[in-house]
Structures are given as C-alpha cells and as structure tokens.
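Below is one structure. I have some questions about it.
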Amino acid sequence: MSVAIGSVLALAVAAAWLAALALWRLPRALDRIHALAFLNVAAAILVTVAAFLADGVSGRSLKILVMMVVFLAWAAVLSHVSGRAVLMREGRSA
C-alpha cells in the first residue's frame with residue numbers, strides 16, 4: 001500500500017473518530033445528525049479517492065464512485081427524514 005493511499009484512509013478513520021466524538025459531545029439530536037452527515041460525506045469522498053489512487057481509472061474504481069454517489073444521495077434523504085422526525089417529535093414544524 002502506498003503512502004498516499006494509507007494517508008487518505010487514515011484521514012477517513014480520523015473523520016470517523018471526529019464524528020464519534022461529536023456524537024458524544026453534541027447535546028441535541030439535530031446537531032448529532034449534522035455530525036453523521038459530515039461523516040457520510042467525508043468517508044465517501046476519502047474512500048473514493050483511495051480507490052482511484054489504488055487502481056487509477058478502472059472498472060472497480062468507477063463502481064466504487066457510483067456506489068458512493070448513491071450512498072451520498074441516500075444518506076442525504078435519510079438525514080432529512082430523520083431531522084423532520086426529530087422536529088415532529090419535539091412538536092415543532094420544519
């Protein structure tokens with residue numbers, strides 16, 4: 001494994017730890033959803049970059065790119081739905 005790939009994957013792990021720390025420290029559920037959204041974006045981008053560094057432009061790295069785009073779209077929908085559910089549970093409207 002090259003140094004660049006290891007560094008990018010280490011950044012992905014650091015982002016996961018940062019999000020875990022934020023989940024522990026943030027007081028409200030809506031704030032925690034923001035921490036999870038950060039993790040979704042950071043991890044998707046960094047894993048995709050690592051795939052392209054490892055393989056270049058290949059079938060496998062393009063599949064990972066498509067999977068991450070679908071993952072980011074689905075994560076955005078889930079974050080929105082979760083945020084609305086939290087607001088409804090608190091008796092507020094969006």
Side-chain angles (χ1 to χ4, degrees):
M1 179 180 347
S2 74
V3 175
I5 298 168
S7 298
V8 171
L9 292 176
L11 282 174
V13 170
W17 277 105
L18 181 64
L21 180 66
L23 285 173
W24 179 56
R25 293 287 299 152
L26 291 173
R28 295 180 39 224
L30 289 175
D31 297 333
R32 292 182 187 132
I33 290 173
H34 282 91
L36 291 177
F38 160 74
L39 178 60
N40 288 335
V41 172
I45 290 171
L46 291 170
V47 167
T48 304
V49 168
F52 275 94
L53 287 175
D55 289 346
V57 179
S58 68
R60 183 168 50 176
S61 60
L62 291 175
K63 286 178 190 175
I64 291 172
L65 177 65
V66 169
M67 285 180 4
M68 290 303 168
V69 168
V70 170
F71 173 74
L72 283 175
W74 186 243
V77 169
L78 287 177
S79 293
H80 178 77
V81 169
S82 299
R84 288 194 51 105
V86 167
L87 286 176
M88 288 175 63
R89 186 181 64 193
E90 292 176 351
R92 298 186 294 174
S93 63

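When a residue number appears, it is its place in the shown sequence, counting from 1.
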> When rounded to the nearest 0.5 angstrom, what is the spacing between CZ in Arg84 and CD1 in Ile33?
Replying inline: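 Spacing of CZ (Arg84) from CD1 (Ile33) equals 12.5 Å.
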>> Treating Ser79 as the side-chain partner and Ala76 as the backbone partner, does any N or O pair qualify as donor plus acceptor under 3.5 Å?
In response: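 Not confirmed, Ser79 side chain does not pair with Ala76 backbone.
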I'd like a table of donor-acceptor pairs (distance under 3.5 Å, sequence neighbours excluded) in which one partner is a side-chain atom from residues 45-53, with atom names and distances.
{"unit_1": "Thr48", "atom_1": "OG1", "unit_2": "Ala44", "atom_2": "O", "d": "2.7"}

> Shortest non-hydrogen contact from Ala19 to Ala35?
Replying inline: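 Looking at all heavy atoms of both residues, the shortest contact is CB-O, 3.9 Å.
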> Is Val41 linked to Val8 within one hydrophobic cluster, defined over Ile, Leu, Val, Met, Phe, Trp and Tyr using a side-chain heavy-atom separation of less than 4.5 Å?
Replying inline: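 Cluster IDs for Val41 and Val8 match.
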> What's in the same ILVMFWY side-chain cluster as Leu36, cut-off under 4.5 Å, chained through other members?
Replying inline: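 Reading the cluster by chain and number, Leu36 sits alongside Leu23.
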>> To the closest 0.5 Å, what do you measure between CZ (Arg89) and CG (Leu87)?
In response: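 The CG atom of Leu87 is 10.0 Å from CZ of Arg89, to the nearest 0.5 Å.
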>> Please give me the minimum heavy-atom distance between Asn40 and Ala75, naming the atom from each residue.
In response: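 The answer is ND2-CB, 3.3 Å.
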>> Once salt bridge (Lys or Arg N to Asp or Glu O under 4.0 Å) is applied, do any residues pair with Asp55, and if so which ones, sequence neighbours excluded?
In response: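 With neighbours one apart ignored, the set is Arg60.
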>> I'd like to know if the side chain of Arg32 and the backbone of Ala22 have a donor-acceptor N/O pair within less than 3.5 Å.
In response: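 No; judged by distance alone, with no hydrogens or angles, the pair does not exist.
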